[in-house]
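Please read the structure below before turning to the comments.
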Amino acid sequence: MPLPAPLLTAGLAAGLAAWPFTEPHLPVLRRLRLPLLAPGAAPLTVLHLSDLHLLPRQARKASWVRGLAGLRPDLVVATGDHISAADAGAPLAQLYGAFPAAGAAAVFVPGNNDWYSPVRPRPTGYLTGRQPSRRTPDLPWPEVAARLVAVGWTDLTHVRTPLELRGTRLVLTGTDDGHLRRDRYARVAGPVEPGALGVGVTHTPQSRLLRAFARDGHALVLAGHTHGGQLRVPGLGPLVTNCDLPRWRARGLTRDGGTWLHVSAGLGSSPYLPVRVCCRPEATLLELVAGPVR
């Protein structure tokens, strides 16, 4: 027997109203192939994590991320906003420790919410970008970073480091967060050495940083921060990026000149805005290969 029309309408309306609060609990692993390696080079896998915004109570999210260690990527890159509370450092280290334990090289940089805990937003702040903010850092990021180093990660904050994986020489260059203007690219500036694959790592994909990475010859930049827009309208895309990145580049793989940019939509959100629309939480496995994409 079919449901009465008013009841069916009410059920659909309730489902649509609940969906923005359901989607944040439906993470997805995306897979992309990118032709960056020299002819004949063995493929490399890079797992890009971002914007976990971990709270100690989020055991389900932590379990899903920990399971990604089973992919056995060659390299894991985490591009900031790892935590959302002062007591999240220990569970984060326990979670992230699974990747070096599985044999992956692993690097990280901080995001704005690793230094500053979330604040309750204004109703219109998401669209205007005018949100309340804290004046001084209130999260123990240096201690959290030390925990990650202790479980086998490399802190790439204002560091340039060479790394050889499967016969390919990489040069990894990282900065602190551009949204907070804590980035000091001059400390790591300089051309990528000939024959090496340059990979830039930062949290907020501010245009000045993207230009700097490109100028020095980085073939790929990994970033987060945008949450992919978090609220996306079908046919229109994201409403905002929360930085000076164009909206069309808010999520996924795009190219400007000779440099590719991958922006992760991330795996979390502010505890005060735990919603997503048409923008599921994500991690991305990038397969770097020689030759054209098939």
Side-chain angles (χ1 to χ4, degrees), residues 9-32 48-55 57-58 60-62 64-65 78-85 88 111-114 116-134 177-180 202-207 210 221-254 261-284:
T9 300
L12 289 173
L16 289 173
W19 182 253
F21 297 94
T22 302
E23 192 168 310
H25 302 286
L26 301 173
V28 61
L29 175 67
R30 305 196 187 279
R31 296 175 183 263
L32 298 171
H48 184 189
L49 306 175
S50 197
D51 296 88
L52 191 60
H53 290 280
L54 187 67
L55 295 170
R57 66 173 182 264
Q58 293 174 329
R60 181 178 176 183
K61 179 166 67 175
W64 189 88
V65 175
T79 51
D81 279 8
H82 311 276
I83 59 173
S84 278
N112 53 299
N113 283 133
D114 293 316
Y116 295 85
S117 59
V119 295
R120 191 177 298 277
R122 298 188 182 99
T124 60
Y126 178 79
L127 297 177
T128 66
R130 297 174 181 173
Q131 294 282 22
S133 61
R134 304 187 189 280
D177 179 48
H179 181 72
L180 297 177
T202 195
H203 178 61
T204 302
Q206 294 284 13
S207 59
L210 300 184
V221 178
L222 303 178
H225 181 72
T226 68
H227 295 189
Q230 195 162 328
L231 307 177
R232 298 177 68 96
V233 179
L236 180 63
L239 301 178
V240 297
T241 64
N242 288 315
C243 62
D244 64 0
L245 192 71
R247 290 189 301 112
W248 65 274
R249 304 190 79 185
R251 179 180 72 179
L253 195 61
T254 59
L261 170 67
H262 184 262
V263 178
S264 173
L267 284 158
S269 61
S270 164
Y272 298 113
L273 194 65
V275 296
R276 283 179 178 253
V277 175
C278 299
C279 192
R280 288 172 65 180
E282 68 180 30
T284 303

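Basis for what follows: all heavy atoms, side chains included, without hydrogens, waters or symmetry-related copies.
For the pair Arg276 and Pro24, the minimum side-chain heavy-atom distance is below 4.5 Å. Side-chain contact between His53 and His227 is present, with at least one heavy-atom pair separated by less than 4.5 Å. Using a 4.5 Å heavy-atom threshold, the side chains of Thr226 and Asn242 count as separate. The shortest distance between side-chain heavy atoms of Leu245 and Leu261 falls below 4.5 Å. Side-chain contact between Cys279 and Arg251: present, with at least one pair of heavy atoms (C-beta onward) separated by less than 4.5 Å. Annotation: side chain of Pro27 is in contact with side chain of Leu267 (closest heavy-atom distance under 4.5 Å).
Judged as a ring-ring contact (aromatic ring centres under 6.0 Å, His included), and not counting sequence neighbours, the contacts of His203 are His225.
Heavy-atom minimum distance, Pro274 versus Pro271: CD-O, 3.7 Å. Leu210 and Pro205 make their closest contact through CD1-O, 3.8 Å (heavy atoms, listed as atom of the first residue, atom of the second, distance). Summarising the geometry of Asp81 relative to Asn113, their closest heavy-atom pair is OD1-N, 2.7 Å, with the distance given to 0.1 Å. Closest of all the heavy-atom pairs between Cys243 and Thr204 is CB-CG2, 3.6 Å. Residues Leu55 and Ala85 share a closest heavy-atom pair of CD2-CB, 3.6 Å. Scanning all heavy atoms of the two residues, the minimum distance from Thr284 to His262 falls at OG1-CE1, 3.4 Å.
With rounding to the nearest 0.5 angstrom, the NE2 atom of His82 is 9.0 Å from the CG atom of Leu52. In this structure, the separation between CG on Leu26 and CH2 on Trp64 is 11.0 Å, given to the nearest 0.5 Å. Note that the CG atom of Asp177 and the CG atom of Asn112 stand 5.0 Å from one another [nearest 0.5 Å]. In this structure, the separation between CG on Leu253 and OG on Ser264 is 12.0 Å, given to the nearest 0.5 Å. Atom-to-atom distance recorded for Thr241:OG1 and Gln206:CD is 8.5 Å, nearest 0.5 angstrom.
Side chain of Gln230 to backbone of Leu273: a donor-acceptor contact under 3.5 angstrom is found. In this structure, the side chain of Glu23 engages the main chain of Arg280 through a donor-acceptor pair within 3.5 Å. Of the possible polar contacts, none joining the Asp51 side chain to the Ser269 backbone as a donor-acceptor pair under 3.5 Å is found.
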